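All remarks here apply to the structure that follows.
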Amino acid sequence: MERLRYLFRQSEFHVLLFCLFGALWSWPFVSFSDLARLRTMFLYLVITWALVALLLFLVGWSLRGPPKKTQPFDEIKE
């Protein structure tokens, strides 16, 4: 579980998710040219939005609480 929490905290992973879902919602995947495919397109959009919501929930869950210290002298003493 800590490995997933560590993965979801990485800003590079956030950028990867942004690019992935940006590509999934772009022209080749989302096209409304044929009305017969409208039902399939609706299901595709609902499923991808549900995945985004789940991943955003997991990212928020992983960012809960204070981050763990990695260096012994992180705090500045005055």
Side-chain angles (χ1 to χ4, degrees):
M1 193 58 98
E2 284 298 317
R3 294 173 84 187
L4 276 177
R5 182 172 279 187
Y6 179 75
L7 175 69
F8 285 127
R9 284 182 183 214
Q10 302 301 313
S11 60
E12 293 88 1
F13 184 71
H14 301 164
V15 172
L16 175 71
L17 288 178
F18 179 78
C19 292
L20 174 71
F21 283 104
L24 286 176
W25 291 326
S26 65
W27 167 73
F29 296 106
V30 179
S31 63
F32 298 104
S33 60
D34 187 14
L35 291 178
R37 291 187 48 206
L38 196 58
R39 182 177 180 186
T40 306
M41 189 57 56
F42 177 75
L43 288 174
Y44 171 78
L45 290 174
V46 167
I47 289 170
T48 55
W49 272 105
L51 282 173
V52 166
L54 175 67
L55 287 171
L56 284 175
F57 171 76
L58 291 174
V59 166
W61 171 76
S62 71
L63 294 174
R64 237 180 4 175
K68 294 181 180 179
K69 290 184 183 178
T70 56
Q71 301 290 332
F73 300 107
D74 280 344
E75 294 179 13
I76 299 173
K77 296 182 181 179
E78 293 184 25

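Predicted model only: the values in this text are computed from it and were never measured. These values consider heavy atoms only, across backbone and side chains, with no hydrogens, waters or symmetry-generated copies. Residue numbers start at 1 and run along the sequence shown.
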Hydrophobic cluster identity match, F18 and F57, side-chain contacts under 4.5 Å: no

Heavy-atom closest contact (V30 atom, L24 atom, distance): CG2-O, 3.8 Å

Heavy-atom closest contact (R64 atom, R5 atom, distance): NH2-NH2, 3.9 Å

Positive for side chain to side chain contact (heavy atoms under 4.5 Å, CB included) with V46, one of W49, Y44, F42: F42

Separation between CG of L43 and CZ of R37, rounded to the nearest 0.5 Å: 12.0 Å

Derivation of the side chain to side chain contact (heavy atoms under 4.5 Å, CB included) call for T48 and F29: CA-CA 11 Å; T48 55; F29 296 106; over 6 Å; no

Expected output: side-chain S31 to main-chain P28 donor-acceptor under 3.5 Å: no

Nearest-0.5 Å distance that lies between atom CZ in R39 and atom CE in M41: 14.0 Å

Heavy-atom closest contact (F13 atom, L7 atom, distance): CB-O, 3.5 Å

Shared hydrophobic cluster for L16 and W25 (ILVMFWY, side-chain gaps under 4.5 Å): yes

SG-NE2 distance between C19 and H14, expressed to the nearest 0.5 angstrom: 13.0 Å

Contact check, side chains of L63 and F8, non-hydrogen atoms, under 4.5 Å: no

Cluster link F21 to L54, ILVMFWY, side chain under 4.5 Å: yes

